[in-house]
Amino acid sequence: MDKFNIAIDGPAGAGKSTIARHVAGALGFIYVDTGAMYRAVTWKVHQEGLLPQQETEVAALANRMQIELIPRAEGQQVFVDGVDVTKEIRSKAITDDVSQIASFGAIRHLLVSLQQQMASTKGVVMDGRDIGTHVMPDAEIKIFLTASVSERAERRFKELQSSGIGTMTLSELEQDIARRDQFDQEREISPLRRAHDAVLMDSTSMTIAEVVDEILGLCKDKVGGGK
Ligand code: DC
């Protein structure tokens, strides 16, 4: 069976990364978390003492930094210029500024072309906000994964607690998720949208295993499975 690509888009905290990682594992595909790339640029912006509003300087910095994504069984490891930033990019400081950085055209242009290179060999499960609409408009499988704001905040809260980086309260997380949803949906360039040919899945009352099974079922129906 030939390899194919899977695009998973949706708002913050809908479970995209967990689901994408499981689907990739089941199919023997590579998982690419594109949000981590926008977070990596934001980390470097902080390191260099730039303000997130300094678009020209931020774009120049992004062009000279190197982002490496290393797939691991437990998730994707992220390196910026050789430094492991996997944990740090999940901090509140980065989360506060990442939407602003992700709204800049030059940053999107740069990261989208890197993502398209990664997808060119097929066998990729990529999650983000614009994967089905811009990065892989020809992906064989497209999912738009959502869940209620309160459910998403609760999941992210548990996730952050269990990885030992739980510095935000549940209500802070809920506000943050609502703020980022709005910013991502209203930005001018590549706003968060469901692609016309994406399958809408609401995971509010579904388990991870149920969502994964449904996606694997779609893969079987549409392209014959993967392996
Ligand atoms: O999925 P996440 O929370 O790690 O994403 C971080 C930010 O990056 C979020 O504000 C939306 C943005 N993003 C984007 O604009 N396009 C993508 N393909 C992935 C993430």
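Remember, it's 1-based here, ligands and their atoms both numbered in the order they're listed.
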Are Arg39 and Glu88 close enough for a salt bridge, meaning some N to O gap below 4.0 Å? no
Any ion pair linking Arg155 and Glu159 (charged N to carboxylate O, less than 4.0 Å)? no
Counting non-hydrogen protein atoms only, what is the nearest one to atom 8 (O) of ligand 1? Give residue, atom name and distance. Tyr38 CB, 3.7 Å
Tell me if a side-chain donor or acceptor on Asp9 pairs with a main-chain N or O of Phe144 at a distance below 3.5 Å. no
Which of these, Ala12, Gly10, Gly35, has its nearest heavy atom closest to atom 20 (C) of ligand 1? Gly35
Asp33: which of Arg90, Arg129, Arg72 passes salt bridge (charged side-chain N to carboxylate O under 4.0 Å, His left out): Arg90
Heavy-atom nearest option to atom 10 (O) of ligand 1, drawn from Ser99, Ser17, Ala102: Ser99
Whether Arg90 lies under 4.0 Å from ligand 1, heavy atom: yes
Between the candidates Arg129, Gln100, Arg179, which shows the shortest non-hydrogen contact distance to atom 1 (O) of ligand 1? Arg129
Using a 4.0 Å heavy-atom threshold (strictly under), name the region of Arg39 that reaches ligand 1: side chain, backbone, both or neither. side chain
Using a heavy-atom cut-off of under 4.0 Å, does the side chain or the backbone of Arg180 touch ligand 1, or both, or neither? side chain
Salt bridge Lys142-Asp197, side-chain N to carboxylate O under 4.0 Å: yes
